[in-house]
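Structure first, then comments.
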Amino acid sequence: MDKYQEAFDGIIERDERVEPRDWMPDEYRKHLIRQVSQHAHSEVIGMQPEGNWLLRAPSLRSKQVLLAKIQDEAGHGLYLYSVAETLGISRAEMLQQLHDGKAKYSSIFNYPALTWADIGAIGWLVDGAAIVNQVSLQRTSYGPYSRGMIRICKEESFHQRQGFEIMLHMANGTPEQREMAQDALNRFWWPSIMMFGPHDSDSPNTGNAMKWKIKRESNDELRQKFIDKTVPQAEFLGLTIPDPDLKWNEEKGSYDYGEIDWEEFWAVVKGNGPCNKERLDHHIKAHKDNAWVREAAEAYAAKTEGELV
Ligand code: 3HC
């Protein structure tokens, strides 16, 4: 084995971090570009369902909090695009892959936010699931990704609290509000646990991801962690999780849960979810409409660069 591969294997073995200037196998680089760019796309597309509720937030405070959360998500997208750029892909290339349907983003964002309680369910469940996944990714082997996750996790917990607060308010509100909260849980529960990806046995990327310590826990391990953490929260809210097979398994020390509808999952991943077209059309239009901002920023950078030299 050549000395470069040996050095790389040593970093992984010693649980140290691979840095942009380190030699790395092409497959490792490609795997990270795929995962990190899709993570970034998810953060940015994820702003759409929430953005649709900014003008309809029920109070000035809830509007301020939602706006702060959405701005955070934009920042998370920027951190992650910057991480991917350290691996040698340009922002333009990543966005082209998204627009051409060659790059994915999280399936969860292809579901509509129909009521204000959905904004609560998104913060509580979607950001809750993202936290479980991202806390684990803080220990990922690629340095810039790990450091980006540490920064993102600090903000993510505010997002989850924001959603849970909305759910608590509505679950303790009028019968109509309670019903709205239950309806949001009914529609967002299963898509939220699908966020963790296919079962480990059906996951083509998990093998390498674990070998290279890009993933530190598998899809099913993280899904189970999220379910075990969230069920007591639903009980506290007095809401019912829409899974008749959900049952505490004393022996396992965690919850058994029903079979996920993988047909629905793959249909949404392949572009046939309720909002896939709307989300992508909106992103493409915004990218086109705001080309002038990018051009102005690039022109300014080129001009000031000239002055600085
Ligand atoms: N939505 C869309 N595609 C999904 C998916 C989902 N929920 N779960 C899996 N997939 C795709 C994978 O991307 C892969 O396709 P690809 O090879 O073309 O990329 C295929 O299904 C098989 O899945 P694998 O499990 O083999 O793929 P991974 O090993 O990459 O695991 C993952 C999938 C767990 C999502 C992993 O990529 C990951 O941890 N990514 C980083 C976290 C992330 O992207 N989270 C998305 C949500 S971000 C968010 O919620 C923001 C918050 O602020 C709200």
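Indexing begins at 1, ligand by ligand and atom by atom, following the structure's order. Quick note: residue numbers are just sequence positions, from 1.
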Find all atoms of ligand 1 within a distance of less than 4.0 Å from any non-hydrogen atom belonging to [X], and give their numbers and elements.
X: F196; value: 34 (C)
X: V269; value: 2 (C), 3 (N)
X: Q38; value: 13 (O), 19 (O)
X: N219; value: 25 (O), 34 (C)
X: D127; value: 52 (C), 53 (O), 54 (C)

Worked verdict on Y105 versus H39 for side chain to side chain contact (heavy atoms under 4.5 Å, CB included): CA-CA 7 Å; Y105 56 89; H39 195 163; over 6 Å; no
Residue-level breakdown please: for [X] versus ligand 1, do any non-hydrogen atoms fall below 4.0 Å on the side chain, on the backbone, on both, or on neither?
X: I108; answer: neither
X: V268; answer: neither
X: M194; answer: backbone
X: Y105; answer: backbone

[atom]: the protein heavy-atom neighbour that sits closest, reported with distance to 0.1 Å:
atom: atom 19 (O) of ligand 1; answer: R34 NH1, 2.9 Å
atom: atom 28 (P) of ligand 1; answer: K215 NZ, 3.6 Å
atom: atom 18 (O) of ligand 1; answer: K104 NZ, 2.5 Å
atom: atom 27 (O) of ligand 1; answer: N205 ND2, 3.2 Å
atom: atom 10 (N) of ligand 1; answer: F265 CZ, 4.2 Å
atom: atom 38 (C) of ligand 1; answer: Q35 NE2, 3.5 Å
atom: atom 35 (C) of ligand 1; answer: M195 O, 4.1 Å
atom: atom 42 (C) of ligand 1; answer: N133 OD1, 3.2 Å

For M24 against P20, the heavy-atom pair lying closest together: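 The pair with the smallest heavy-atom distance is CE-O, 4.1 Å.
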Cationic N near anionic O, under 4.0 Å, D200 to R223: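 Result for this pair is no, no salt bridge flagged.
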Pair E217 + R139, salt bridge at N-O below 4.0 Å: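 A salt bridge is present here (some side-chain N lies under 4.0 Å from a carboxylate O).
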Option set [options], criterion heavy-atom distance to [atom], minimum:
atom: atom 7 (N) of ligand 1; options: S107, G163, G207; answer: S107
atom: atom 53 (O) of ligand 1; options: K69, E73, E50; answer: E73
atom: atom 52 (C) of ligand 1; options: S42, A40, A130; answer: A130

Candidate pair D220 and Q224, rule side-chain hydrogen bond (donor to acceptor under 3.5 Å, both in side chains), full reasoning: CA-CA 6 Å; D220 285 324; Q224 188 67 64; over 6 Å; no
Reported CG-to-CD distance for the pair D243 and E259, which is rounded to 0.5 angstrom: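 With rounding to 0.5 Å, CG (D243) is 10.0 Å from CD (E259).
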Proximity of H41 and H99 rings by center, below 6.0 Å: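 No, the ring centres sit 6.0 Å or more apart.
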Residues clustered with V135, ILVMFWY side-chain links under 4.5 angstrom: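 Result for V135 is I131.
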[X] versus ligand 1: do any nitrogen or oxygen atoms come within less than 3.5 Å of each other?
X: Q134; value: no
X: S203; value: yes
X: H159; value: no

Please state whether [X] comes within less than 4.0 angstrom of ligand 1, counting heavy atoms only.
X: V36; result: no
X: P198; result: yes
X: P204; result: yes

Pairs involving residues 72-84, ordered by first then second residue, that meet salt bridge (Lys or Arg N to Asp or Glu O under 4.0 Å) (sequence neighbours left out):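 Those involving residues 72-84 are K69-E73.
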